[in-house]
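Below, each value reflects all heavy atoms present in this structure, side chains not excepted, and no hydrogens, waters or symmetry copies. Here is how names work: the chains are called A, B, and so on, in the same order as the sequence lines, proteins then strands, and each is numbered from 1.
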Amino acid sequence: MTEKRASGGFYAWLLQRITGVVLAVLLIAHFIVTHGLPHPSGVTYARIAPRLATPTWKVIDMLFLACALYHGLNGVWMVLQDYVESEGMQTFLFGVLCVLGAILFFLGAITVIPFAVQA
Amino acid sequence: MAEYTFRIFRYDPEKDEQGRVQDYTFEVQEGWTILDALNHIKWFIDGTLTYRRACRHGICGSCGMTINGKNNIACETQIKDLGTSTITIEPLRGFPVIKDLVVNMEPFYDKLYAVKPYLITRTPPPTDRERYQSPEDRAKLDGKYECILCGCCTSSCPTYWADKNFLGPNALLKASKFMLDSRDEGFEDRVNCIDDKHGIWRCHTIFNCVEACPKELNPTKGIVELRRLMMRGRL
Ligand code: HEM
Ligand code: SF4
Ligand code: SF4
Ligand code: FES
């Protein structure tokens with residue numbers, strides 16, 4: 001391919017599938033590790049908090065956060081592209097989704113990253 | 001002989017503001033198709049009923065309509081196979097109605113023309129024979145070339161209902177037919193139209209088109225194969 005061409009949503013489509021797979025894997029891990037499936041055990045601060053404070057789980061949870069936000073908001077964007085006719089309105093709503101994503105990512109990050117076990 | 005009631009969508013742009021439903025009840029003969037019933041109405045009961053048909057054996061693609069909620073061609077739909085004595089017949093969804101069961105197919109053809117539905121070549125053909133295609137390469141086009149352009153697929157596609165600029169299953173299946181043809185060299189000519197905002201990435205794999213196609217073609221499979229081709233060009 002020599003000529004560069006504009007993408008009509010290939011990367012959004014691909015990332016929706018990649019984040020979907022990552023979410024499925026992380027979701028299963030989440031239910032096993034946090035909720036103790038297949039033998040559910042109490043989700044208590046004492047049991048959960050020390051793990052959440054480790055760097056490994058902070059990285060995993062940040063990945064979870066990024067994938068869930070991208071997947072959810074990109075999914076809404078896909079629906080909007082189908083149902084909103086006006087290009088101007090689409091651009092506006094795309095902006096709203098980006099701002100919403102940025103705010104939610106920030107709120108998630110300041111919760112996950114500095115987390116430490118309280119005495 | 002059994003009695004059936006046909007509930008048919010009627011719309012006359014010169015008289016009606018909105019569509020209405022008209023019932024016709026009569027005895028149907030063994031072996032009749034929906035097209036036979038429509039012909040019976042038009043010839044013997046109500047000459048104002050308007051619908052398209054030509055070949056009456058499933059090859060011209062004129063008689064696509066919505067029968068008991070499902071898109072099909074009237075001439076290949078056996079009345080007794082429907083399993084109901086009241087049969088609802090509506091024009092194809094998603095296209096503007098002109099009169100009764102006749103819809104404006106221009107938007108459908110526009111999408112088809114957009115994907116350049118003909119063999120595009122750059123190298124000159126051999127002088128002593130036709131362009132060669134191996135039986136294996138030819139077999140890759142099975143399930144892609146048999147389309148009769150009835151519109152049943154695109155008219156059943158929820159993405160098309162929502163976005164009238166969406167290329168739709170028919171145009172994408174046609175595109176896959178040419179882009180996966182070993183003799184075709186038109187990838188660059190078609191790619192920007194397929195890889196468009198209203199192109200191939202808009203399909204949500206709902207499979208309505210597969211269910212609708214009277215020729216039992218699989219536009220979704222064509223779309224998936226085309227996506228694979230698009231991906232190879234990108235990654
Ligand atoms: C189990 C993990 C998940 C997998 C494997 C997955 C997979 C997918 C796939 C493949 C699509 C694209 C469908 C299409 O082409 O239309 C999609 C769309 C979507 N997903 Fe997920 N997803 C998962 C979890 C989630 C979660 C947790 C949310 C909510 C935050 C979500 C929200 C959405 C939305 C809103 C859409 C767009 C709907 C649509 O286009 O039809 N998904 N998902
Ligand atoms: S599979 Fe794709 S093209 Fe076919 S009906 Fe569904 S959205 Fe439309
Ligand atoms: S793919 Fe099938 S349903 Fe669609 S136009 Fe062709 S024959 Fe009709
Ligand atoms: S009349 Fe030709 S396909 Fe039905």
Item to complete: Assess whether atom CZ of Phe106(A) is packed by more than 12 heavy atoms of other residues, nucleotides or ligands within 6.0 Å.
Response: no
Worksheet item: Between Arg202(B) and Met78(A), does a side-chain contact (heavy atoms from CB on, under 4.5 Å) hold up when you go through it step by step?
Response: CA-CA 8 Å; Arg202(B) 291 262 65 77; Met78(A) 284 163 37; 3.8 Å; yes
Worksheet item: Does a sphere of radius 6.0 Å around CZ in Arg7(B) hold more than 12 heavy atoms from other residues, nucleotides or ligands, not counting ones at 6.0 Å or beyond?
Response: no
Worksheet item: Do other residues, nucleotides or ligands put more than 12 heavy atoms under 6.0 Å from the CD atom of Gln133(B)?
Response: yes
Worksheet item: Atom CE of Met231(B) and atom CG of Leu14(A): how far apart are they, to the nearest 0.5 Å?
Response: 6.5 Å
Worksheet item: Which is it for Phe10(A) and Arg227(B) under the side-chain contact (heavy atoms from CB on, under 4.5 Å) test, yes or no, and what are the steps along the way?
Response: CA-CA 9 Å; Phe10(A) 165 64; Arg227(B) 275 178 175 161; over 6 Å; no
Worksheet entry | Flag if over 12 foreign heavy atoms under 6.0 Å of NZ, Lys221(B) | no
Discussion item. Tell me whether the count of non-hydrogen atoms from other residues, nucleotides or ligands lying under 6.0 Å of CD in Glu216(B) goes above 12.
Written reply: no
Worksheet item: Looking at Ala162(B) and Tyr83(A), what are the two nearest heavy atoms and their distance?
Response: CB-CE2, 3.5 Å
Worksheet item: For Asp163(B) and Gln81(A), which heavy atoms make the closest approach, and how far apart are they?
Response: OD2-O, 4.4 Å
